[in-house]
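Notes follow the structure.
Predicted, not measured: the structure shown is a model, and the values here were computed from it. Every number for a ligand or one of its atoms is a count from 1 in the order of the listing. Starting from 1, each residue takes its place in the sequence as its number.
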Amino acid sequence: MAAKPKTETRGFETEAKQLLHLMIHSLYSNKEIFLRELISNASDAVDKLRFETLSNPELLAEDAELKVQIDFDEKKRTITIADNGIGMIRDEVIDNLGTIAKSGTVQFLESLTGDQQKDSQLIGRFGVGFYSAFIVADEVEVLTRKVGTDKDQATLWKSKGEAEYSIVKANKAEPGTTVTLHLKKAEKEFAESFRLRNIVKKYADHISIPVLMEKQEFSMPDEDDKKDKKKTPKQIKQYEAVNDAKALWLRSRKDIKDDEYKEFYKHVSHDFEEPAVWSHNKVEGKLEYTSLLYLPTRAPYDLWNRDAARGLKLYVQRIFIMDDAEQFLPLYLRFIKGVVDSNDISLNVSREILQKDPAVDSMRSALTKRALDMLAKLRKKDKQEYGKFWLEFGQVLKEGPGEDFSNREKIAKLLQFTTSESKGDAQDQGLEDYVNRMQEGQEKIYYLVAESVKAGRHSPHLEIFRKKGIEVILMYDRIDEWLMSQLHEFDGKQFQDIARGELDLGKLENKKDKAQQEKSEKKFEDLVTRIKTHLGDQVKEVRVSHRLIDSPGCLAVDEHDMGAQMRKIMAASGQAVPETKPIFEVNPDHPLVKKLDKESDEERFEDLVVILFGQASLADGVELADAADFTSRLNKLLLEAA
Ligand code: ADP
Ligand code: MG
């Protein structure tokens, strides 16, 4: 006799208890989703098996029907979800079920605030899949056998959803996976025919394999009936499919309800939240394919992780080929989820082949346009919803103009900013909005790059623009200066950084302004030279400013020098930052500057110059080279004034 296989007890890889507790708590009002997740996994497992049989047809008996079967036992309070999909070997069970939610869990737990409400929103970004079983069950068993392995090579995994699980070798007659939930007492309502059927129907209609449940006999439940049942011998159970079992994307758009689209999204994206919008298209012609693209509501926790999974679920002639096929969309649209089903790609395609397939290239550019159109439509239709999208994904979309030359203008139309005229700091103004408001004679789109929206609003560079009522776009996202180095014009209008180069307002300035400027430049020629002597090589140049109204001075960037934001990004990534010096501009109409011009005491002159230059640096978010010197000179002047 063979020895009884040894049961091994193992701990979950991460703080399972904490995560499970949080999940159970945050999904409390929507418990039934456990069934969606388990059916979704069963369907994935069947997809994977179908794919395997492309190269190993012997894995599947010819008459075998791939399916999911759901049973329940009211008395024992159990529900079982059985599939005849790919199954798992022991190591896969450990990897897939023993590591709660895989990579990123630790960061996720660290990001938790302890505030139940905020945290439950976070969980949506995370996707807990299989573990949602513990919302309703106090014990879960998974009996699984990989296709192509022997009957006695199955694995039984059990856990009470606490810190550990047990795993033991087992027997299983057929390949596939059976998940058994032992329901908590309070959740016994789920092991009831009517309730269960309704949930399955709700969550499985878009699934492409049949989900079977025992056939129901509809009879009036009266006392006689009950007695009768006791007498009849046990019948063989009859099953029927509760769902349509047709791949959702192959159905016609007009026959699909919004709820079905939403549920299907949750299945393909492993997201708990609803999508914001979707776009479903069938393409016929030279290439034939169907695509269903979704825009998620919320960014996943790993949006900024370079190795995070992205891309579409790829099907070829209805057969699942791979998850995360990233060749179909550019990186700056990595937040888009969905499915593409092609008739032109070979069934035994690999990631490497996809990269070289010209059909994939054309599909990629068509899908990119679709995705951008979907965003444009949302922006037009629902400003508020678009605002939410922008908050979540705007920074990613800003990578677009640099990555995708051919769609530059299209992407630019989707960008949103705050401007000098905005009330709060909401980024809700598009470039078209700006252009529509441009003044008569205004030829350029003006913008200012700053450390923060507040710093931008208070920047001395805005003074002349405010006075003349010219709107300026405020840019303060880390990526903005880089973005603007990729975007040169919009709608035929050039962009102009207002802190860069000499101020040139073009037709917005009249002859009188110009004459006045030339006059003050002449008048202060000597002063400018004197200041330059004192500041030495701290500055590239000193000049009379035409952009200041209230401030005595400001710093400008030379036409082709690198701005502060870009320098910071380069420094942070460890690259050598080219040395640049600012241009110091002084306001010829400011009393302090006028006073400076008359100052004959060289020491006092220097004190004032250092202070004015220091102020201008601070307003620009630049650290002072010698803060102690600045302070002592300032104090000296303060004492004299006191
Ligand atoms: P996800 O579905 O997002 O990958 P889950 O937590 O739902 O995450 O499942 C984790 C993994 O466990 C799956 O990726 C899969 O590899 C494995 N798995 C879960 N259920 C099954 C099943 N019924 N058959 C085969 N593998 C499964
Ligand atoms: Mg899953």
[X] bridged to [Y] by N-O distance under 4.0 Å:
| X | Y | value |
| --- | --- | --- |
| Glu187 | Lys184 | no |
| Lys313 | Asp323 | yes |
| Lys266 | Glu263 | yes |
| Arg334 | Glu326 | no |
| Asp373 | Lys410 | yes |

Problem set entry | Option set Met88, His270, His267, criterion heavy-atom distance to atom 18 (N) of ligand 1, minimum | Met88
Seminar exercise, completed: Candidates Ala133, Ala42, Gly129, Ala45; heavy atom nearest atom 24 (N) of ligand 1 found on Ala45
Exercise. Which atoms from ligand 1 have a heavy atom of Leu97 less than 4.0 Å away?
Worked result: 12 (O)
Exercise. Does Ser40 bring an N, O or S atom to under 2.8 Å of the Mg ion (ligand 2)?
Worked result: no
So, is [X] polar-close to ligand 1, with some N/O to N/O distance under 3.5 Å?
| X | result |
| --- | --- |
| Asn41 | yes |
| Asn96 | yes |
| Phe130 | yes |
| Glu37 | no |

Problem set entry | Option from Phe264, Trp278, Tyr289 for which ring-ring contact (aromatic ring centres under 6.0 Å, His included) with Trp249 holds | Phe264
Problem set entry | Asp83 contact mode with ligand 1 (heavy-atom cut-off under 4.0 Å) | side chain
Exercise. Knowing that exactly one of Leu183, Ile79, Ile33, Leu35 qualifies, which makes a side-chain contact (heavy atoms from CB on, under 4.5 Å) with Val136?
Worked result: Leu183
